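The structure appears below as structure tokens.
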Amino acid sequence: MKIDHSLPLEYSTEQSRLRILGFWIFLGAEIMLFATLFASYFILRNGTGDGPSGAEIFEITPVLIETLLLLTSSFTIGLAVHAMRLGNKKAMMAFFGITLVLGLAFLGVEIYEFAHYVHVGAGLQTSAFTAILLTTLGTHGAHVTFGLFWGLFILIQVKKSGLTPETTNKSFIFSLYWHFLDVVWIFIFSFVYLKGMM
Amino acid sequence: MKLKRALLLAIITIATVLTGCEPLAVLDPKGPQAEVQANDIVMSIWLMSGIVIVVFAMLAYMLFKYRASKQKKDYEPPHIEGNIWVEAICVGIPVLIVAFLSFVSVQSNYKVEATPPGYEDKEPLVVYASSSNWKWHFSYPEEDIETVNYLYIPTDRALEFKLYSFGPITSFWIPQLGGQKYAMADMVTTLHLAADHPGEFMGRNANFSGKGFAENTFDVTAMSPVEFDEWVEEVHKTADPITEDKFEELLEPGHLGKMTFTGTHLDFKPAPEGENSGHQHHHGSNDDEEENHDNHEENEDHENHEDHSDHSGH
Amino acid sequence: MEFFERFAIPHPSPAIYASMVAIGLVTIAIIFGLTYFKKWGYLWREWLTTVDHKRLGIMYLISAILMLFRGGADAIMMRAQLAAPENKLLDAQHYNEIFTTHGVVMILFMAMPFIIGFMNFVVPLQIGARDVAFPRLNALSFWLFFAGAMLFNISFVIGGSPDAGWTSYFPLADNEFSQSVGTNYYMIAIQIAGLGTLMTGINFMTTILKMRAPGMTLMKMPMFTWSALIANVIIVFAFPVLTVALAMGTLDRLFGTHFFASTNGGMDMLWANLFWVWGHPEVYILILPAFGIYSEVISTFARRNLYGYKSMVASMVIISLLSFLVWVHHFFTMGQGALVNSIFSITTMAIAVPTGVKIFNWLFTLYKGKIEVTTPMLYSMLFIPLFTIGGVTGVMLGMSAADYQYHNTMFLVAHFHMVIIPGVVFAMLAALFYYWPKMFGFMLNEKLGKLGAWVIAIGTLLAFMPMFFSGLDGQARRMYTYSESSGFGIWNMISFVGALGLAIGFALIVYNIYYSFRYASRDIGSDPWDARTLEWATHTPVPEYNFATMPQIESVEPFWDDKKNGKKLFKDKIEKIHMPNNTGIPFIMGVLFFIWGFSFIFAMWIPLIIFTLAIFGCMAYQSFENDHGRYISVEEVEETENKLGGKR
Amino acid sequence: MMKELFPRKQVMGFVFSLVLTAVALLVYFMDMSFAVGMTILLVTAFIQAGLQLILFMHAGESEDKNAIYISIYYGMIIAIFTILGSLLTMVWTYQIQ
């Protein structure tokens, strides 16, 4: 395999450059996926039927905690990539690990939040509004969950075989995914929660 | 306008000759809205025929002139990149045609979405047309009459159909009076029509709604205002009043013949409009409240014993 | 419903029982045949585990042709039922199921794999690549599509077919009005196939953007590759919308949510909206690659370069953007009022401009050419007039006020069949004849081919032109019967005759394949059409690595320049070639997805969870697998090249 | 070593995103009109997205930056059209009628 040493390790082979571009295109598709959910959310926002409205069930505290957790994890995965580019495997793994822990904490708060919604009578079947709220949040949450497993597998591979063109490429792509989930969360935070509580 | 009528006549004649019987329903309008649409259709058919002829002629010319069998054996076709002027014409003319059609289309949109010209002086006749699997219910709140699967209308007034459905999306369509519009369970749509002449027309649900869809039709009779008033009077004398139980029975899936009642189901089962709308976006919009004011008053008496979420029920 | 009741067919008929028996017999025959001729190993090694874009392309084409006949059988039954008033051939339920499956099968399981099949086979060859960017993902795409298609197709023998139309509008498609599992099949099968298509889109975008031969800038790409690029861009941005819509539909049907219900704040219009946000771009996903095929065929057989290359590219880019801005024209009659209708009416008609540019460019490509009417060219020449009729009626439908009269009528049905059959089906048949020699090393019979083309063209006109009239006379679509007095009888009888014509035409193509397989010459060289683009510069049959050395590209028609102007295409010396290994994972995942989907459709939650975990297990396995492919040595390449007729 | 591990770019990005989040929170804690609130949310959300894209995701660092930017912008444009078009068709048109 040809290795080009003038580029960061994750770009070093032809195949890895293909993977990175391919993943960016996949993120383009993800934009549309979440845009469709947002469009549906905005349209069904007032479709509360007999159920509660957003303003009645949203709580600022867990949402703020979730936001801070995810923002910080996006920062630490950035640091992990930075450490990776410096060839510091130990620091990279540490930051990567912190990212996953923060992700797990985010998921924990989100599960609490869901339990709270169901508890106050805002389940999946309550109304179109609660359904689209839980689906939108759930889709993001499912992405995070998937990311946790994926990240864990990558971390194991980095530990096993070190920073190779292969593992750095996977880690870099994972960082793109994670940053993207943060971007999606920013939009959820702004246009689902804050707008709902405005 | 004269030209349009002449063209219309021409196409009708052609169609008549082709079928050997009656003219095509859509091109044989009996009301102002259908006429707007038929004029648009006929005009666009002619314009589009022009384009088709140009393309056919060019294709035929190229195929006859440049067939390999007509060329010398050693002829080598030239390399031609394209010509800015030729391509500008190929863009320019279609742009002009589309611009013209857009102009016509926008105008017609506003025409078919309003009371037709010439009918503004009189209050339109409001008819609530609701579909259930697989019937049509016509409620005349002003006349306090309800019919099933047939529609009587006067010729001197504009008609305002308030459409909704007790089930799947259906589409209310009387081809000779005008185009269709959807009837949906959670909101009321409005279709403006009018009939110029007395006559009998076919009406149907045009949107697929399940097993009984093919037979989901109704008969439309347009008559003079005097006859219409006589009919209303006669109904009040002879027909039974519609009751909630009876109406629930009518809603059962299946087909029914024509039926006539006094009173309307709107009294006990209001249409999904205004505050009865399942459609949240009607709330908080002041204009809408204004518009539906009359109906609110009508429904007010009955709102107390109605379960709010049940209005669009089945 | 009781658990076992779900699997019963709600409306059994002798035809369905006969199909069950036939399916059983064919399955047994295939298993027996494979065992008897000891072909299991061959099938597994060479086809089921392949990652070769050419073989995947051929598998897509075979599936597409099978599905063409499945959807065609539905069509014939529909036309037969409507041929006479008050006909009793089919009952309402059966008719509803048939037009639903006809629509879904033809669009998603016939036209889509047809174009994706040709993309697979042609695009890497046209850009001088060894394979696509992600060969294993490509195999997974195919198996997901195939799993989805098969899942959808078993619906009529297990549990009943969907019956709410291919648009599956809610609330008709909701549990209340569609009680059988049919619509579950619709939601899940299309979801699985759609995921495969989305991966194809990402794969081909990456391939075309990154893997072109040296020197091939974007503006030197062949037109089919350009059209494939644009179509894949549309796939990438349109299919996620379908994914979400189907997921919401599934939630409504299986988990009791109220997205599209008319109670509890749901909104039935939202389904229509989301469906068409995907649905309209979908039409351009189908038509653009078809346009690409026509560009290749017309320029080859006019013996001239394509006229107006730049405006062709520009028009496709504009179409790709506009295709996302017109979806409301599918429901002008939903009551949005004059303003919204006006906006979408204008954007809709605007698409006619770039499309018109393409038609004129093809006509000008003929100008000063040396036209040779072969079968692919005959399809292209029949396409132009027929598609023009379909296209201009599209402009008429775009006028929203008039659309109130066309909507939901046979006029609309006539329009989209006059667009899709000449536009897409003719293109696919042209491509089938055009690329057949490259795929299989012999040519299809020209005489039979041209006869078939004429029969199909006349069949199309006979089948669909009458619908314009019956539509204007008030015949709604999807009616399973009509009365004598309506006067629709004569139009529908002519349509039926046309449909029979189409059936004969397609049968002729099958006979042609059989006939040519037996009698056609195998000595045709690698460039039987005297073509212009890169895919013809390699050997026939195409070696697995496509090109022994990378071609050097200097123009849009490098192969033509190589042949006529002496510009050498292949200058490098042969080096060892890196190729991906075959893998069974995509096939296994296809099988898992099939069972997963089946469990989902019948709400069998425990198998559903097990197979969900199995699918993720496969993905985890992939993540840990370290497979760097293999190398083909220089000697091996040279040996293959010599065997196939010398180094190029 | 520590200095290397805490690059300015990343830290700046993080601080910015915290500041922007705080600004967006004003919408919750202060009383303001719908228009002002929406404007603040739109501006902060899109700036944050842009920060992530350029500072954290290194969108512009490789030879494929054009392809990357085009696919992201294309996706955003289509996304915005889809959202606005759907709202126009199913919500706004009933409010202005």
Side-chain angles (χ1 to χ4, degrees), chain B residues 21 24-27 36-37 40-41 44 48 51-52 55-56 58-59 62-63 66-68 71 75 77-80 82 87 90-91 94-95 98 101-102 105-106 108-110 112-113 168-169 171 175 179-182 184-186 189 202 204 206-211 213-214 278 280 309 312, chain C residues 92-93 165 169 171-172 177 262-263 265 267-268 303-305 307-308 310-311 333-335 337-338 341-342 345-346 349-350 352-353 356-357 359-360 363 366-372 381 384-385 388-389 392 395-396 399-402 404-405 407-408 469 472-474 476 478-481 487:
Chain B
C21 52
L24 300 173
V26 167
L27 300 180
V36 168
Q37 285 155 336
D40 279 7
I41 290 170
S44 61
M48 293 299 126
I51 294 171
V52 170
V55 171
F56 278 35
M58 282 174 74
L59 180 66
M62 300 289 180
L63 278 176
Y66 299 109
R67 282 288 275 275
Q71 313 276 24
Y75 171 66
H79 182 94
I80 307 172
E87 284 171 64
C90 292
V91 175
V95 164
V98 166
L101 286 177
S102 302
S105 176
V106 171
S108 304
N109 279 337
Y110 282 92
V112 298
E113 288 291 340
I169 299 176
S171 194
Q180 63 196 284
K181 196 167 268 186
Y182 283 177
M184 291 170 290
D186 51 3
T189 49
M202 182 272 284
R204 66 165 299 118
N207 194 56
F208 177 62
S209 62
K211 226 187 284 183
F213 162 68
Q280 62 284 354
S309 68
S312 46
Chain C
Q93 177 63 28
Y169 272 17
L172 180 63
F177 300 106
S262 41
T263 50
M267 199 195 239
D268 45 9
R303 308 286 172 217
R304 254 208 54 195
N305 68 318
Y307 184 89
K310 283 179 195 152
S311 59
T333 56
M334 213 181 261
N341 281 357
S342 298
S345 171
I346 293 169
M349 288 192 282
V353 177
V357 167
I359 299 263
F360 287 116
L363 288 172
L366 300 175
Y367 178 67
K368 289 197 175 168
K370 196 176 177 184
I371 301 166
E372 193 184 335
M381 293 301 102
I384 292 180
T388 306
I389 297 173
V392 295
V395 176
M396 292 167 64
M399 297 180 69
S400 40
Y404 286 18
Q405 291 281 26
H407 188 66
N408 270 329
F469 294 92
L472 286 178
D473 203 20
R478 296 171 169 178
M479 285 165 40
Y480 87 101
T481 190

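Keep in mind that this is a model prediction, so the values were computed, not measured. Each chain gets a letter, A, B and so on, in the order its sequence line appears, and its residues count up from 1.
Closest of all the heavy-atom pairs between C:Arg303 and B:Pro77 is O-CG, 3.0 Å. Here the closest non-hydrogen pair linking B:Asn109 and C:Asn341 is ND2-C, 3.9 Å. Of all non-hydrogen atoms in C:Ile371 and B:Met62, the two that sit nearest each other are CD1-O, 3.6 Å.
Interface remark: B:Ser171 contributes side-chain atoms only to the contact with chain C (heavy atom separation under 4.5 Å). Of the atoms belonging to B:Phe213, it is side-chain heavy atoms, and not backbone ones, that fall under 4.5 Å from chain C. Using a 4.5 Å cut-off between heavy atoms, B:Phe56 touches chain C through its side chain atoms alone. Contacts of B:Ser102 with chain C are made by both backbone and side-chain atoms, with heavy-atom separations under 4.5 Å. Interface remark: C:Thr481 contributes backbone and side-chain atoms alike to the contact with chain B (heavy atom separation under 4.5 Å). For chain B, the nearby parts of C:Ile346 are the backbone and the side chain; heavy atoms of each come within less than 4.5 Å.
Using bins of under 30°, 30° to 60° and over 60° for the plane-to-plane angle, the ring pair C:Tyr169/B:Tyr182 lands in the perpendicular bin.
Distance check, rounded to the nearest 0.5 Å: NE2 of B:His79 to CG of C:Asn305 gives 4.0 Å. Note that the OG1 atom of C:Thr388 and the CD1 atom of B:Ile51 stand 9.5 Å from one another [nearest 0.5 Å]. With values rounded to the nearest 0.5 angstrom, B:Lys211 atom NZ is found 13.0 Å from C:Phe177 atom CZ.
Counting heavy-atom pairs closer than 4.5 Å to chain B, the top residue among C:Glu372, C:Lys310, C:Met334 is C:Met334. Of the listed residues C:Pro385, C:Ala350, C:Gly165, the one with more heavy-atom pairs under 4.5 angstrom with chain B than any other is C:Pro385. No other option in B:Val91, B:Val95, B:Leu59 has as many heavy-atom pairs under 4.5 Å with chain C as B:Leu59.
Proximity of a side-chain donor or acceptor of B:Gln180 to a complementary backbone N or O of C:His407 within less than 3.5 Å is detected.
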